[in-house]
There are 2 protein chains.
Amino acid sequence: MATISAEQARQLAELFTALSDPSRVRIIAALVEGETNVGALAAIVGISESAVSHQLRTLRQMRLVRAHRQGRRVVYSLDDAHVADIFQRSLDHILHDSPDGDSSALDRTPQ
Amino acid sequence: MATISAEQARQLAELFTALSDPSRVRIIAALVEGETNVGALAAIVGISESAVSHQLRTLRQMRLVRAHRQGRRVVYSLDDAHVADIFQRSLDHILHDSPDGDSSALDRTPQ
DNA sequence: ATCACATATGAGCAGATGATCAGATACACA
DNA sequence: TGTGTATCTGATCATCTGCTCATATGTGAT
């Protein structure tokens with residue numbers, strides 16, 4: 001699988017960037033459960049509908065979610081099975097070897 | 001797997017944040033191949049040793065990499081099998097359904 | 001002890017990010 | 001057509017990020 005190309009690195013980083021925010025993570029988590037409209041997502045995540053809409057735009061551009069109207073509502077769903085998979089594995093990851101509880105940090109070797 | 005907690009969302013986002021930068025992605029990619037020292041990483045990634053060192057610090061704090069001295073060098077390796085797995089799956093992901101070539105973006109439904 | 005090599009670290013700065021606010025757009029229904 | 005609901009969007013601003021530069025620390029060899 002050789003050392004990754006610069007372009008691939010960029011794309012990978014872009015994918016992870018889409019998942020690098022707590023609000024977006026919660027949006028994705030909610031959508032794993034099933035499709036949902038913007039207002040409901042705002043309620044679940046606990047931020048304004050405007051903020052959710054902005055985040056959904058990002059996720060849409062990344063092709064991680066998909067939208068379709070249903071009456072006056074716009075219903076979102078995951079556009080990608082891979083992402084749900086990656087998401088689930090990552091969740092397993094933090095559930096396993098993260099025996100701490102407080103914030104992040106503290107070095108490992110240097111110093 | 002119910003709707004994720006705020007704390008879990010924070011941790012997940014933190015993990016993805018560690019992978020959300022092209023330089024760090026390339027560092028991880030290099031380490032997947034085997035342990036490497038700072039100078040070599042700098043050469044591979046194409047940024048200064050100082051910049052690499054800063055990024056390695058972040059990765060160390062996230063417990064994604066581990067370091068040990070070897071003479072005057074400090075050799076880094078992945079501290080986590082899960083991450084290599086997540087990384088590999090994500091790579092597969094972008095290699096599969098990313099048939100475009102240019103930058104990112106362009107909406108999907110609204111408008 | 002001194003010097004060169006290898007890495008780490010703090011300060012500082014330019015660019016990115018995410019929330020809010022105000023206003024635009026889209027749809028359903030009377 | 002007008003009104004209320006649902007969502008989107010641009011501007012703005014405070015905060016965060018990642019790099020560079022200068023400097024400190026650590027190691028091996030002379």
Side-chain angles (χ1 to χ4, degrees), chain A residues 6 9-10 13-28 31 35-62 65-77 103-111, chain B residues 6 9-10 13-28 31 35-62 65-77 103-111:
Chain A
R10 224 210 70 247
E14 198 176 5
L15 168 62
F16 289 127
T17 296
L19 303 171
S20 70
D21 173 77
S23 295
R24 283 194 296 273
V25 163
R26 299 188 78 183
I27 289 173
I28 299 284
L31 293 181
E35 54 177 38
T36 319
N37 68 299
V38 178
L41 284 172
I44 294 172
V45 176
I47 59 179
S48 74
E49 302 187 351
S50 176
V52 169
S53 190
H54 275 296
Q55 299 293 25
L56 285 171
R57 181 158 137 108
T58 301
L59 294 174
R60 238 160 43 219
Q61 294 176 332
M62 292 291 308
V65 305
R66 178 178 24 181
H68 71 275
R69 292 204 87 102
Q70 216 169 67
R72 3 183 138 175
R73 316 219 155 148
V74 176
V75 177
Y76 281 82
S77 53
S103 301
S104 57
L106 235 167
D107 286 23
R108 211 138 170 70
T109 299
Q111 257 42 301
Chain B
R10 224 211 69 247
E14 198 176 5
L15 168 62
F16 289 127
T17 296
L19 303 171
S20 70
D21 172 77
S23 294
R24 283 193 297 273
V25 163
R26 299 187 78 183
I27 289 173
I28 299 284
L31 294 182
E35 55 176 39
T36 319
N37 67 299
V38 179
L41 285 172
I44 293 173
V45 176
I47 60 179
S48 75
E49 302 188 350
S50 175
V52 169
S53 190
H54 275 295
Q55 299 293 24
L56 285 171
R57 180 159 140 107
T58 300
L59 294 174
R60 237 160 45 219
Q61 294 175 334
M62 292 290 309
V65 304
R66 177 179 23 183
H68 71 275
R69 292 205 87 103
Q70 217 169 69
R72 5 180 138 175
R73 317 221 155 146
V74 176
V75 177
Y76 281 81
S77 52
S103 302
S104 58
L106 236 165
D107 287 24
R108 208 139 171 72
T109 299
Q111 259 42 305

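Below, all heavy atoms of this structure are taken into account, side chains as well, without hydrogens, waters or symmetry copies. Chain naming here is simple, since letters A, B, ... match the order of the sequence lines and numbering starts at 1 in each.
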What is the distance from [atom1] of [X] to [atom2] of [N], rounded to the nearest Å?
X	N	atom1	atom2	result
A:Leu19	C:dG18	CG	P	12 Å
A:Met62	C:dG18	CE	P	12 Å
B:Glu49	D:dC21	CD	P	14 Å
A:Leu56	D:dC8	CG	C1'	11 Å
A:Arg69	D:dA6	CZ	P	12 Å
B:Gln61	C:dT9	CD	C1'	12 Å
A:Leu41	C:dA19	CG	P	14 Å
A:Ile27	C:dG18	CD1	P	11 Å

Check: Of all the choices, C:dG10, D:dT7, C:dT7, which nucleotide is nearest to the side chain of B:Arg57 once you look at every atom?
Finding: C:dG10
Notebook entry, point to check: Out of C:dT9, D:dA6, C:dA6, which nucleotide sits closest to the side chain of B:Arg60?
Noted result: C:dT9
Would you tabulate the pairs of protein nitrogen or oxygen atoms and nucleotide nitrogen or oxygen atoms of nucleotides 13-19 of chain D closer than 3.5 angstrom?
{"residue": "D:dG18", "atom": "OP1", "partner": "B:Arg24", "partner atom": "NH1", "Å": "3.2"}
{"residue": "D:dG18", "atom": "OP1", "partner": "B:Arg24", "partner atom": "NH2", "Å": "2.9"}
{"residue": "D:dG18", "atom": "OP2", "partner": "B:Arg24", "partner atom": "NH1", "Å": "3.1"}
{"residue": "D:dC19", "atom": "OP1", "partner": "B:Ser23", "partner atom": "OG", "Å": "2.9"}
{"residue": "D:dC19", "atom": "OP2", "partner": "B:Gln55", "partner atom": "NE2", "Å": "2.7"}

I'd like a table of donor-acceptor pairs (distance under 3.5 Å, sequence neighbours excluded) in which one partner is a side-chain atom from residues 35-49 of chain A, with atom names and distances.
{"residue": "A:Thr36", "atom": "OG1", "partner": "A:Gly34", "partner atom": "O", "Å": "3.1"}
{"residue": "A:Ser48", "atom": "OG", "partner": "A:Ala51", "partner atom": "N", "Å": "3.0"}

Note to self: Suppose we call a contact any N or O donor and acceptor under 3.5 Å apart; does that hold for the side chain of B:Ser50 and the base of D:dC21?
What the structure shows: yes
Margin query: Let me confirm one number: the CG-CZ distance from A:Leu59 to A:Arg57, rounded to the nearest 0.5 Å.
Written below: 12.0 Å
Next item on the list: Check whether any side-chain nitrogen or oxygen of B:Asn37 sits under 4.0 Å from OP1 or OP2 of C:dT7, and answer yes or no.
Entry: yes
Notebook entry, point to check: Within the pair A:Tyr76 and D:dC8, is there a side-chain N or O less than 4.0 Å away from OP1 or OP2?
Noted result: yes
Locate the shortest heavy-atom distance separating [X] from [Y]; write the atom from each residue and the value.
X	Y	value
B:Val74	B:Ala67	CG1-CB, 3.7 Å
B:Pro22	A:Ala9	O-CB, 4.0 Å
B:Leu19	B:Val25	O-CG2, 3.2 Å

Next item on the list: Could I get the full list of side-chain hydrogen bond (donor to acceptor under 3.5 Å, both in side chains) partners for A:Arg24, not counting sequence neighbours?
Entry: A:Gln55
Atom pairs, protein N/O to nucleotides 28-30 of chain C N/O, distance under 3.5 Å:
{"residue": "C:dA28", "atom": "O4'", "partner": "A:Arg72", "partner atom": "NE", "Å": "3.4"}

Margin query: Under the rule for side-chain contact (heavy atoms from CB on, under 4.5 Å), what residues qualify as partners of A:Thr17, not counting sequence neighbours?
Written below: A:Ser20, B:Ser20
Next item on the list: Only one of B:His68, B:Arg60, B:Arg66 passes side chain to side chain donor-acceptor pair (under 3.5 Å) with B:Tyr76; say which it is.
Entry: B:Arg60
